[in-house]
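Heads up, the thing below is written out as structure tokens.
Small disclaimer: the values here were computed from a predicted structure and weren't measured.
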Amino acid sequence: MGKGVKAAVIGSVFAVMVGGAGYGAFNIVSALNDDGGSGGSEVKSGPPSGDEVEETSGKFFAAWEKGSAASASQYTNNNAAARALLTEYRENAHITGVRITPGTAQGATVPFTVKAKVTYRGTSEPLSYKSSLSVVRGRTTGKALVDWKPSVIHPELRTAQDALVTGPSATPPIEAVDRGGKVLTKDKYPSLGPILDALRAKYGAKAGGTPGVELFVRHDGDGSPDTPLLTLSKGKAGKLQTTISASAQAAAETAVTQYANSSVVAVKPTTGEVLAVANHRKDGFNAAFEGAQPPGSTMKILTSAMLIDNGVTSMNGPAPCPDDAMWQGQTFKNLKNMKPDLNATLANSFMRSCNTAFIKLIDEDPLTDESLTAEAQTKFGLGRDDWKTGITSVDGSVPAESGPDRAANAIGQGKVTMNPLNMASVTATAITGTFRQPYLVSPELDDRKLATAEGLRAGTADQLKQMMRLTATQGTAAPVMRGLGGDIGAKTGSAEVDNVATSNSWFTGFRNDVAAAAMTEQGGHGVDAAGPIVKAVLAAGG
């Protein structure tokens with residue numbers, strides 16, 4: 001191409017860009033820069049080879065170690081975002097002296113260890129952590145590039161809005177202690193980590209401490225509390241009393257690790273105090289307090305209360321269990337191998353968890369589309385968005401529904417949603433007759449007003465408690481609850497989720513003055529996953 005001709009082409013490109021055809025102009029400029037594989041060179045396709053993974057990750061690590069954000073970001077598939085975060089890493093987080101040790105690549109994924117130091121106003125502390133990256137094929141260039149995610153730089157960076165910062169912490173540190181004065185730490189109780197961060201953000205200033213200097217993640221995007229990563233100079237920790245029982249918490253921590261995506265909560269029914277809360281999840285979400293999933297047949301505790309309170313039937317009253325039941329055009333069935341029993345009582349259908357018995361009964365007078373909602377709100381304190389536990393929590397949803405969803409709601413499907421906190425509270429209300437809003441920190445600390453509700457008549461609570469006892473000793477929960485001493489009761493549940501083959505596992509139960517509930521995503525039947533978790537917590541006691 002002659003000099004004059006090339007100048008004319010470039011001039012045309014400039015004119016197109018000014019004219020607003022940005023995408024086309026970008027492609028032409030890329031072609032002139034040989035960035036798009038044009039000009040005769042073949043663009044590679046398919047997964048990167050092992051050599052490419054090693055070469056690309058090596059060059060990225062080398063540039064990162066040198067502190068060159070501009071150079072390192074060019075080996076990623078999001079140059080601008082990578083450059084901004086790598087610059088922040090050095091300038092705002094004050095991290096220097098980076099040394100990276102790659103692990104053995106697994107396909108296109110490379111695990112690695114970072115060792116560095118954090119320096120702020122003359123104070124330095126060593127920093128060490130593990131992360132990983134993946135190498136992908138660039139869509140337009142065909143080059144092997146680091147698939148950019150903030151978590152590449154640090155695993156606690158979850159979104160593009162998260163920021164690494166070193167400086168005075170926003171709140172003083174806290175020394176959270178359990179109900180008996182034992183110190184609760186993230187190291188000993190890992191799933192309490194996000195909860196302790198939330199407690200610190202809310203109560204650090206009220207606990208009497210003074211801030212220190214830290215490296216932390218600021219989660220501006222979702223309003224979550226800062227996540228401390230490293231302390232450079234300690235502030236004075238304020239002591240924060242919680243309702244947690246260290247023994248129950250330890251049991252909960254161990255139990256949830258046996259099943260992926262599991263959560264559990266234990267409460268003290270006579271006070272509402274939260275004794276344990278644990279989650280086993282990769283995303284850090286506090287599903288135990290904030291989840292919203294159909295609770296399956298554990299909902300039958302609440303539905304039974306509605307039936308009894310409205311005079312439809314009673315524990316020893318009729319609740320026939322046919323093979324199937326139709327409600328407004330939709331057919332409901334029981335679990336496989338459940339034998340029909342047209343002479344069943346409510347207690348019998350409850351402890352066997354017969355779906356059709358409950359579907360048949362919700363058509364009886366005086367029940368309406370609003371009856372289950374009213375029972376949930378006025379007797380169990382659910383679904384009003386007014387619980388103040390001390391941290392963020394969701395207090396369930398039982399919407400009034402017509403059509404098939406009215407029937408589905410009664411057996412814990414449809415539009416009704418709960419979390420383990422809610423179901424532990426349902427059990428506590430059922431066995432005491434009194435709704436006591438669960439809480440993690442005393443309301444006296446910040447003058448919170450706890451939610452209230454009417455609670456249940458003594459006769460209703462007595463029947464619910466006895467039906468749960470029967471379920472734990474003779475019904476669907478018996479295989480799990482066997483071996484537990486004391487006054488015990490339970491209810492199993494499994495909840496189908498759209499487009500998921502395996503149901504969510506639910507289980508709630510009580511032993512003496514402890515009520516607990518657990519949920520395991522895709523855990524199967526209640527006795528398969530959630531049941532063993534609850535049993536372990538109940539065995540530990542309060």
Side-chain angles (χ1 to χ4, degrees), residues 176-199 240-259 261-281 284-291 298 387 389-395 418-429 431 436-442 480-481 484 486 488-490 505-520 523 529-542:
V177 297
D178 86 331
R179 58 195 301 104
K182 293 182 179 179
V183 177
L184 304 170
T185 65
K186 298 179 186 180
D187 290 340
K188 191 167 185 179
Y189 308 101
S191 76
L192 273 185
I195 293 167
L196 293 174
D197 291 341
L199 289 172
L240 180 67
Q241 181 81 48
T242 74
T243 62
I244 293 290
S245 159
S247 58
Q249 183 64 35
E253 294 273 352
T254 300
V256 294
T257 60
Q258 306 304 306
Y259 305 94
N261 297 316
S262 295
S263 303
V264 66
V265 172
V267 302
K268 189 175 179 66
T270 53
T271 63
E273 295 167 292
V274 174
L275 301 174
V277 50
N279 297 282
H280 180 219
R281 301 175 62 92
F285 177 57
N286 185 7
F289 268 44
E290 300 179 53
T298 58
W387 289 16
T389 61
I391 61 173
T392 301
S393 61
V394 175
D395 58 347
M418 298 284 171
N419 55 49
L421 174 70
N422 306 147
M423 290 314 305
S425 177
V426 165
T427 292
T429 302
I431 66 174
R436 297 177 177 91
Q437 187 227 280
Y439 63 92
L440 191 61
V441 176
S442 171
V480 167
M481 298 292 280
L484 282 180
I488 61 172
S505 174
W506 283 84
F507 194 100
T508 185
F510 68 86
R511 176 174 178 252
N512 301 329
D513 196 22
V514 179
M519 190 275 283
T520 300
I533 294 173
V534 169
K535 180 181 181 178
V537 176
L538 294 179

T270 backbone acceptor or donor facing R436 side chain under 3.5 Å: yes
Spatial distance of atom OG1 (T389) from atom CG (D395) [nearest 0.5 Å]: 9.5 Å
Side chain to side chain donor-acceptor pair (under 3.5 Å) partners for T254, two or more places apart: none
Nearest-0.5 Å distance, CD of residue Q437 to OG of residue S425: 8.5 Å
Closest non-hydrogen atom pair between A536 and A251, with its separation: O-CB, 3.7 Å
Heavy-atom donor-acceptor pair, K535 side chain to V480 backbone, under 3.5 Å: yes
Minimal non-hydrogen separation, A266 against V537, with atom names: CB-CG1, 3.6 Å
Separation between CZ of F510 and CE of M481, rounded to the nearest 0.5 Å: 7.5 Å
Approximate separation, where rounding is to 0.5 Å, of E253 CD and K188 NZ: 11.0 Å
Residues forming a salt bridge (charged side-chain N to carboxylate O under 4.0 Å, His left out) with D197, sequence neighbours excluded: K186
Main-chain N/O of V441 paired to Q241 side chain as donor or acceptor, under 3.5 Å: no
Side-chain donor or acceptor of R511 paired with backbone N/O of I488 under 3.5 Å: no
Validation row: V267, T243 side chains within 4.5 angstrom (heavy atoms): no
Minimal non-hydrogen separation, A428 against A515, with atom names: N-CB, 4.1 Å
Distance-minimising heavy-atom pair for L538 and A516: CD2-CB, 4.0 Å
Point-to-point distance, once rounded to the nearest 0.5 Å, from CZ of F289 to CG of L440: 5.0 Å
Main-chain N/O of S262 paired with T520 side-chain donor or acceptor, under 3.5 Å: no
Under 3.5 Å: donor-acceptor pair, side chain of N279, backbone of S263: no
Distance-only polar pair, side chains of S245 and D178, donor-acceptor under 3.5 Å: no
Backbone of Y259 reached by a side-chain donor or acceptor of H280 within 3.5 Å: yes
Separation of S247 OG from R179 CZ (nearest 0.5 Å): 9.5 Å
Side-chain donor-acceptor pair present, T508, T427, cut-off under 3.5 Å: yes
Any F507 side-chain heavy atom under 4.5 Å of I533 side chain: no
Minimum heavy-atom distance between G541 and V514, given as atom pair plus value: C-CG2, 4.0 Å
L196 versus A176, closest heavy-atom pair with distance: CD2-CB, 3.6 Å
Close side-chain approach of V274 and P438, heavy atoms under 4.5 Å: yes
Test item: W387 and L421 side chains (from C-beta on) under 4.5 Å apart, heavy atoms: yes
Validation row: S191, Q249 side chains within 4.5 angstrom (heavy atoms): yes
Polar side-chain atom of N286 near backbone of I195 as donor-acceptor pair, under 3.5 Å: no
